[in-house]
S.K.: 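Below you will find the structure I want to go over with you.
Throughout, numbering of the chain's residues begins at 1 and tracks the sequence.
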Amino acid sequence: MSSVSKGDRKASLDAASWLFNVVTSVGIILVNKALMATYGFSFATTLTGLHFATTTLLTLILKSLGYIQTSHLPLPDIIKFVLFANFSIVGMNVSLMWNSVGFYQIAKLSMIPVSCFLEVVLDNVRYSRDTKLSIVLVLLGVAVCTVTDVSVNAKGFIAAVIAVWSTALQQYYVHFLQRKYSIGSFNLLGHTAPAQAASLLLVGPFMDYWLTGKRVDAYGYGLTSTLFIILSCTIAVGTNLSQFICIGRFTAVTFQVLGHMKTILVLILGFIFFGKEGLNLHVVLGMIVAIAGMIWYGNASSKPGGKERRSFSLPKTQDYSALPVSSEPDTK
């Protein structure tokens, strides 16, 4: 196969991966927004546990059918990953409760520089000047169109710090484990999803009661709300898988930078479906600046020297899922 055809195939798989992630991520945000705002199902941690339980069920079915090959992941790595992931989920929920929406958005934006720091320190990655500036432009654009009121207190700040670092470590670990153990996206989900489902379903009801003052078992489950919960769980399987695929094919930093396209799409779809309140010139300008930064990042990081790993001794990745993880340099 010629290098041109290999490049075309990789570009097609890259585009399909991002499209898969964008569609499922935006879809689950809209479904969950309707579920929580319209039907009052405010039990976010428990719902996430149900998401991973559904993902676990699917991976078990596919494994029994032979679509997922048997692989090994050491228990200490599974425990570390689950701790990072669960602290990320709980930390984000607590941060949103204790901080203003503006500071919550700032905390989410700070995941990009934290992820960059992890790549520089742990993987010896070096970024070109254009790549750094493009990241700054994305951060500026998203901040302009999402950050409004900003207020913070001591406990809210601590929750935000825990959420940001645990999320960055979890996403870094997705890429690290796939490369180190040569396992695919579905394989990694098969190892981690059961532990996440069990722990979140155990802790989730208590955490949600602490956050909302409501009991998940006392919720008035109707036909429509139950169908929305099932729909949310179904879409979540695609969201979880697409996240692992994208981070495996690229890196956590690229996933975070280009992932803010989902933020822009959610804002646009929110204005379309839920009213145009809050839509003004500076929001539109922020969207334009953010999109320009993403395009610049994709171009700058794909150039020679745009984003380089100086030394990396982990083996190349073999992905047994439908979209294989690439061990080639980041081209997004």
Side-chain angles (χ1 to χ4, degrees), residues 21-22 25-34 36-37 42 44-45 47-48 85 87-118 132-171 211-212 239 243 252-294 297:
N21 181 254
V22 169
S25 298
V26 173
I28 200 170
I29 289 172
L30 295 178
V31 169
N32 287 350
K33 185 174 182 178
M36 294 181 181
S42 55
T45 309
L47 182 62
T48 306
F87 270 109
S88 168
I89 293 165
V90 174
M92 280 297 177
N93 290 338
V94 174
S95 175
L96 183 58
M97 182 183 73
W98 285 347
N99 295 313
S100 66
V101 175
F103 186 79
Y104 174 78
Q105 291 293 344
I106 290 175
K108 287 181 65 177
L109 290 173
S110 67
M111 291 178 194
I112 294 180
V114 171
S115 295
C116 290
F117 173 80
L118 291 176
K132 294 175 185 175
L133 290 176
S134 66
I135 292 174
V136 172
L137 193 63
V138 171
L139 293 173
L140 177 63
V142 176
V144 167
C145 61
T146 60
V147 177
T148 52
D149 60 310
V150 178
S151 61
V152 64
N153 52 67
K155 63 180 184 180
F157 179 78
I158 294 172
V161 170
I162 293 173
V164 167
W165 277 93
S166 57
T167 301
L169 284 166
Q170 182 259 345
Q171 292 185 355
L211 292 173
T212 66
T239 305
Q243 182 194 52
V253 171
T254 297
F255 180 77
Q256 282 285 343
V257 172
L258 300 185
H260 280 295
M261 177 59 71
K262 294 176 287 189
T263 305
I264 305 300
L265 285 175
V266 169
L267 284 173
I268 294 172
L269 292 174
F271 293 138
I272 293 174
F273 293 113
F274 301 103
K276 297 184 178 179
E277 182 181 355
L279 179 62
N280 51 50
L281 180 60
H282 88 268
V283 171
V284 175
L285 289 176
M287 292 179 182
I288 294 172
V289 170
I291 292 172
M294 293 173 203
Y297 175 85

S.K.: Measure the CD1-OG1 distance between Ile112 and Thr254 for me, rounded to the nearest 0.5 Å.
M.R.: 10.0 Å
S.K.: Between Ser95 and Tyr104, what is the shortest heavy-atom contact and its length?
M.R.: OG-CD1, 3.9 Å
S.K.: To the nearest 0.5 Å, tell me how far Leu47 CG sits from Asn32 CG.
M.R.: 5.0 Å
S.K.: Starting at CD of Gln243, measure out to CD of Gln170 and round the result to the nearest 0.5 Å.
M.R.: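 Answer rounded to 0.5 Å: 5.0 Å.
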S.K.: Which heavy atom of Leu137 sits nearest to which heavy atom of Ala292, and what is that distance?
M.R.: CD2-C, 4.2 Å
S.K.: As a quick check of understanding, evaluate side chain to side chain contact (heavy atoms under 4.5 Å, CB included) for Val289 and Val144, giving each step before the final call.
M.R.: CA-CA 9 Å; Val289 170; Val144 167; over 6 Å; no
S.K.: In terms of the angle between their ring planes, are Trp165 and Phe117 parallel, tilted or perpendicular, with boundaries placed at 30° and 60°?
M.R.: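 Because their plane-to-plane angle is over 60°, the rings of Trp165 and Phe117 count as perpendicular.
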S.K.: Using side-chain heavy atoms (C-beta onward) and a distance below 4.5 Å, is Val253 in contact with Ile135?
M.R.: yes
S.K.: Considering residues at least two apart in sequence or located in another chain, which fulfil the side-chain contact (heavy atoms from CB on, under 4.5 Å) criterion with Met97?
M.R.: Leu211
S.K.: Taking C-beta and beyond as the side chain, do Phe87 and Leu169 meet within less than 4.5 Å on heavy atoms?
M.R.: no
S.K.: Can you tell me if Ser110 uses its side chain to pair, donor with acceptor, with the backbone of Ala107 under 3.5 Å?
M.R.: yes
S.K.: Which atoms form the tightest heavy-atom contact between Phe103 and Ala160, and what is the distance?
M.R.: CE2-CB, 3.7 Å
S.K.: Between NZ of Lys33 and CD1 of Ile28, what distance do you get to the nearest 0.5 Å?
M.R.: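 Lys33 NZ to Ile28 CD1: 15.0 Å, rounded to 0.5 Å.
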S.K.: Got Val94 and Lys155 here, is their nearest side-chain heavy-atom distance under 4.5 Å?
M.R.: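 Val94 vs Lys155: side chains apart.
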S.K.: Which atom names give the shortest non-hydrogen contact between Ser42 and Met36, and what distance separates them?
M.R.: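 Residues Ser42 and Met36, closest heavy atoms: CA-CG, 4.4 Å.
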S.K.: Looking at residues at least two apart in the chain, or sitting in another chain, which of them share a side chain to side chain donor-acceptor pair (under 3.5 Å) with Thr167?
M.R.: Ser88
S.K.: May I have the step-by-step check of side chain to side chain contact (heavy atoms under 4.5 Å, CB included) for Lys108 and Val142, ending in yes or no?
M.R.: CA-CA 10 Å; Lys108 287 181 65 177; Val142 176; over 6 Å; no
S.K.: What closest approach, in Å, do Val164 and Val114 show between heavy atoms, and which atom pair accounts for it?
M.R.: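 Closest approach of Val164 to Val114: CG1-CG2, 3.8 Å.
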S.K.: Going by the rule side chain to side chain donor-acceptor pair (under 3.5 Å), which residues pair with Gln171 if we only count those two or more places apart in sequence or in a different chain?
M.R.: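 Expected list: Gln256.
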S.K.: Ignoring hydrogens, what is the shortest heavy-atom contact between Val138 and Gly293? Give both atom names and the distance.
M.R.: CG2-C, 3.3 Å
S.K.: If we ignore hydrogens and angles and just use 3.5 Å, is the side chain of Ser25 paired with the main-chain N or O of Val22 as donor and acceptor?
M.R.: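 No, because the side chain of Ser25 does not come within donor-acceptor range (under 3.5 Å) of the backbone of Val22.
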